[in-house]
Visitor: 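Below you'll find the structure I mean.
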Amino acid sequence: QELTADAVTRLKQAGLDDLMPFAQLDLRGGSRGSGIYARFPLSEGPAVAEVHMAQPTALLELPSGDAVELICVHPSPPAPGRQEGAARWRAELAVLPPPGELPRVLAGDFNATLDHAAFRDVLRLGYADAALQVGNALTPTWGPPGKGGVLTLDHVLVDRSCAVLACSVHVVPGTDHQAVYAEIQLPER
């Protein structure tokens, strides 16, 4: 998220294309871009209404023949003290679709913690928070630069047909966000 054309070039130079040769990118200029990179083929994912920040989607096709829908989530943050910022954030969370026919994963910077009603509305669509499933729901994923993590704003949500096997948070140098890793098991076909 907050992916720029320059960052795409630097990731390619660092060898990301060798590890994850498939990508769905939505570069909107500045820091509004986002991307999904994968080891396995990606095609167009579910339709999601366009919002201010890029929220690309993809259909990931696994070698087993299974497929999973991916949505990169990044609503605008609710600006403190500004009612229109909070309204925009709620509206952008509200465009997220419920689980579909295929297993679906929503991942990214939701700019929300579990105590936000708009985030709980997304969960009520039929998703489970991976960190909550394994007892790590309060592990901070964001903090002011140089201050460390203070809020849990980044999440991996899976539809309830999937099992969460592991979920952990990892420091990423040079950013104010931590990486959220989730290992999930897709439902049997």
Visitor: How close do Ser34 and Ala54 get, heavy atom to heavy atom, and via which atoms?
Guide: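 Distance-wise, the nearest heavy atoms are OG-O, 3.2 Å.
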Visitor: Is there a chain of hydrophobic side chains (I, L, V, M, F, W, Y, each step under 4.5 Å between heavy atoms) that links Leu102 to Val105?
Guide: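 No.
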Visitor: Looking at Glu92 and Ser76, would you say the former's side chain and the latter's main chain have a donor-acceptor pair under 3.5 Å?
Guide: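 Flag set: sc Glu92 to bb Ser76 pair under 3.5 Å.
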Visitor: Looking only at heavy atoms, which two atoms of Pro103 and Val68 are closest? And how far apart?
Guide: O-CG2, 3.3 Å
Visitor: How many angstroms lie between atom CZ of Phe22 and atom OG of Ser43, to the nearest 0.5 angstrom?
Guide: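 Between atom CZ of Phe22 and atom OG of Ser43 there are 11.0 Å.
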Visitor: Show your reasoning for whether side-chain contact (heavy atoms from CB on, under 4.5 Å) applies to Leu3 and Leu11.
Guide: CA-CA 10 Å; Leu3 187 64; Leu11 289 168; 4.0 Å; yes
Visitor: Count I, L, V, M, F, W, Y as connected when their side-chain heavy atoms are under 4.5 Å apart, and connections chain through other members. Are Phe119 and Tyr127 then in the same cluster?
Guide: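 Both belong to a single hydrophobic cluster.
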Visitor: For the residue pair Trp142 and His177, categorise the inter-ring angle as parallel (less than 30°), tilted (30 to 60°) or perpendicular (more than 60°).
Guide: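 Answer is tilted, since the angle falls between 30° and 60°.
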Visitor: So which atom in Cys167 and which in Val134 form the shortest heavy-atom distance, rounded to 0.1 Å?
Guide: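 Taking Cys167 first and Val134 second, the nearest heavy atoms are CB-CG2, 3.6 Å.
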Visitor: Under 3.5 Å, is there a donor-acceptor pair between the Asp159 and Ser161 side chains?
Guide: yes
Visitor: Taking atom CZ of Arg28 as the centre, report whether more than 12 heavy atoms of other residues, nucleotides or ligands fall under 6.0 Å from it.
Guide: yes
Visitor: Verify the cluster assignment for Val164 and Leu70: are they in a single hydrophobic cluster under the rule of side-chain heavy atoms below 4.5 Å apart?
Guide: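 Looking at the clustering, Leu70 is in the same group as Val164.
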Visitor: Test your reading of the model: is there a side-chain donor-acceptor pair from Thr141 to the backbone of Leu153, 3.5 Å cut-off?
Guide: yes
Visitor: With rounding to the nearest 0.5 angstrom, report the NE2 to CG distance, His74 to Asp154.
Guide: 8.0 Å
Visitor: CG of Leu93 to CZ of Arg88: how many Å apart, nearest 0.5 Å?
Guide: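 The CG atom of Leu93 sits 12.5 Å away from the CZ atom of Arg88.
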Visitor: Return the minimal non-hydrogen interatomic distance between His155 and Ala112, and the atom names on each side.
Guide: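 So the two residues come closest at NE2-O, 2.7 Å.
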Visitor: Tell me, yes or no, whether the heavy-atom count around Leu62 atom CG, taken from other residues, nucleotides or ligands under 6.0 Å, exceeds 12.
Guide: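 Enclosed.
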Visitor: Which atom names give the shortest non-hydrogen contact between Pro56 and Ile36, and what distance separates them?
Guide: O-CD1, 3.6 Å
Visitor: Could you tell me which non-hydrogen atom of Asp109 sits nearest to which non-hydrogen atom of Gln1, and how far apart they are?
Guide: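 It is N-OE1, 2.9 Å.
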Visitor: Look at the side-chain heavy atoms of Ile, Leu, Val, Met, Phe, Trp and Tyr, link any pair under 4.5 Å apart, and say whether Trp89 and Val95 land in one connected group.
Guide: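 Yes, Trp89 connects to Val95 through the hydrophobic network.
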Visitor: Could you give the distance from CG (Leu59) to CZ (Arg104), rounded to the nearest 0.5 Å?
Guide: 10.5 Å
Visitor: Decide yes or no for Val169 and Asn136: does some side-chain heavy atom of the first lie under 4.5 Å from some side-chain heavy atom of the second?
Guide: no
Visitor: For a 4.5 angstrom cut-off between non-hydrogen side-chain atoms, does Val180 reach Thr139?
Guide: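 Counting from C-beta outward, Val180 and Thr139 never come under 4.5 Å.
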Visitor: Please report the interatomic distance CG(Leu60) to CD(Glu69), rounded to the nearest 0.5 Å.
Guide: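 With rounding to 0.5 Å, CG (Leu60) is 11.0 Å from CD (Glu69).
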Visitor: If you measure from CG on Leu27 to CG on Leu25, what distance do you get to the nearest 0.5 Å?
Guide: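 Answer rounded to 0.5 Å: 5.5 Å.
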Visitor: Would a 4.5 Å heavy-atom cut-off, applied to side chains only, mark Pro46 and Ile71 as touching?
Guide: yes
Visitor: Side-chain heavy atoms under 4.5 angstrom apart, residues restricted to Ile, Leu, Val, Met, Phe, Trp, Tyr: same cluster for Leu186 and Phe40?
Guide: yes
Visitor: Kindly indicate whether the side chain of Leu96, heavy atoms from C-beta on, has any atom under 4.5 Å from the side chain of Phe110.
Guide: yes
